[in-house]
Protein chains: 2
Amino acid sequence: MALALTRRQQEIYDYLKEHLWEFPHPPTLDELCTALGLSSKGSLHKQIQALIEAGLVAPMNNRRRGIRLAEEDAELPDENALPMMGYIAAGRPIEAIDHQETVQVPDFLRTSKSCYVLQVRGGSMIEEGIMDGDHIVIEQRDSARNGEIVVALVDGSEATLKRIEQKQGAVILHPANSTMEAMTYSPDQVQIQGILVGQMRRYH
Amino acid sequence: MALALTRRQQEIYDYLKEHLWEFPHPPTLDELCTALGLSSKGSLHKQIQALIEAGLVAPMNNRRRGIRLAEEDAELPDENALPMMGYIAAGRPIEAIDHQETVQVPDFLRTSKSCYVLQVRGGSMIEEGIMDGDHIVIEQRDSARNGEIVVALVDGSEATLKRIEQKQGAVILHPANSTMEAMTYSPDQVQIQGILVGQMRRYH
DNA sequence: TACAATAGAACAGTGATAGAACTTAAGGAT
DNA sequence: ATCCTTAAGTTCTATCACTGTTCTATTGTA
């Protein structure tokens, strides 16, 4: 696999990364040759083939104008990182962050399902041991079992992190902070966005 | 194997460690010669060969521009894992586990110093948001600043996780659970084993 | 004296290129 | 539909400059 590139291969790859988008169609080997100052497409083909074997260029099996860069999903700068979606504070919508960010999450703090990370604002869950500033790991889901702690959207605008209790025709959200009271809603007022599966806090 | 390096070999190895990354491509022997002030690539080759036999440089079998430092990244399994040392419960010694175990810890929950992981038993820190079963990350240290949460060994036998306050001739350990009281000790009764830098909890 | 370090020449293998021949794919023309 | 033409991708060999390798001789040093 990850063979070391020769100097020329690196040059050609750099050129492709920088100029490939400029071609209206993916270029032919001949066009690339003139662009690179070569006069033999056979030579260029050999170099391209090396890049394909290195996984940097998508293989083009006899297809015309088939030179494309390989999708670089192979980049794994952080193996187990989850997206940091924003901040959650009781009574307000989730405050999304614009710039994409990720947070490292150990395997045992997440599930095999799709998960994401929020940061807690305020102390509405302080008696559950979830404090201002904590990072919480949420499994994306639209339903919950009684007793689970859920990220719920109430009336389409207020996000909360609370323990859920679902009865016939009613949904009760229990805060863990004794200075706040449980609230009862009708099921169509409450939209579950995920359930709490992990929590992290730093002290330094 | 570990042959003793001559002075010149050590010099060359040090130079490679420091400057090899500066070359856009691995350098040729001639380039290295001018960089090192030599005029014969044959001489340099002999030195490099010695470094290869010492296992410090990756062998380059006739390959061009093949000079690379030997990779010694044998730590693939669990890049960021810390040792799980055992269980801590207020009032008892730390209960070590016999079989070696590790826990994944994200970078931002640890420090650059030596760290390890304990699991909490009991609720002595419940008002600090540290609950029964939580994993805590400890930085190994034998002193602390006031206000930090420390793993302390009292009278050589009782381990606790408490907020520390150090005065003239006295050490006060504050539990965060209001049903328990702060205790005052003399400094030689209290041995600091580390300070709390991170905490993790799973809900599933 | 023995060993390390260097210079320099001669040798050998690699990497890059050109060029030609071959194969495949696409699109008309019959 | 079948065949043909053409453009483009593929394979092959030969060549050449560059670079790693080997060897010997020389110098300096403990």
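In the text below, chain A, chain B and the rest are named by the order of the sequence lines, each starting its count at 1.
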Query raised in the report: Which residue pairs pass the ring pair (Phe, Tyr, Trp, His ring centres under 6.0 Å) test with at least one member in residues 135-174 of chain B, sequence neighbours excluded?
Result: Phe108(A)-His135(B)
Report summary line: So the ring pair (Phe, Tyr, Trp, His ring centres under 6.0 Å) pairs with at least one residue in residues 146-168 of chain A (sequence neighbours excluded) are none
Report summary line: Each nucleotide of nucleotides 13-26 of chain C classed B (base within 4.0 Å of a protein heavy atom), S (only sugar-phosphate) or -, in 5' to 3' order, makes -BSSBBB----SBS
Query raised in the report: Asn146(A) and Glu165(A): side-chain donor and acceptor closer than 3.5 Å?
Result: no
Query raised in the report: Do we see a donor-acceptor contact under 3.5 Å between the side chains of Gln199(B) and Gln199(A)?
Result: yes
Report summary line: For Pro26(B), the side-chain contact (heavy atoms from CB on, under 4.5 Å) test, sequence neighbours excluded, returns Arg65(B), Arg68(B)
**Report entry** With Ser43(A) via side-chain contact (heavy atoms from CB on, under 4.5 Å) - residues at least two apart
**Finding:** Ser40(A)
Just how far, in rounded Å, is [atom2] of [N] from [atom1] of [X]?
| X | N | atom1 | atom2 | result |
| --- | --- | --- | --- | --- |
| Leu51(A) | dG9(D) | CG | C1' | 16 Å |
| Glu53(B) | dT21(D) | CD | P | 12 Å |
| Asp30(A) | dA7(D) | CG | P | 11 Å |
| Arg65(A) | dT6(D) | CZ | C1' | 14 Å |
| Gln10(B) | dA5(C) | CD | P | 11 Å |
| His25(A) | dA7(D) | NE2 | P | 16 Å |
| Ile48(B) | dT19(D) | CD1 | C1' | 14 Å |
| Met60(B) | dT22(D) | CE | P | 10 Å |

Requested in this report: Take the C1' atoms of the five end pairs on each side of the helix from dT1(C)-dA30(D) to dT30(C)-dA1(D), derive the two axes, and give their angle rounded to 10 degrees.
Outcome: 30°
Query raised in the report: Ignoring hydrogens and geometry, is there a side-chain-to-backbone donor-acceptor pair from Gln10(B) to Arg7(B) under 3.5 Å?
Result: no
Query raised in the report: Where the side chain of Arg163(A) meets the backbone of Gly147(A), is there a donor-acceptor pair that is under 3.5 Å apart?
Result: yes
Report task. Would you mind reporting whether Glu148(A) and Leu196(A) have side-chain heavy atoms less than 4.5 Å apart? Result -> no
Report task. Verify the contact: side-chain N or O of His45(B) to OP1 or OP2 of dG20(D), cut-off strictly under 4.0 Å; return yes or no. Result -> no
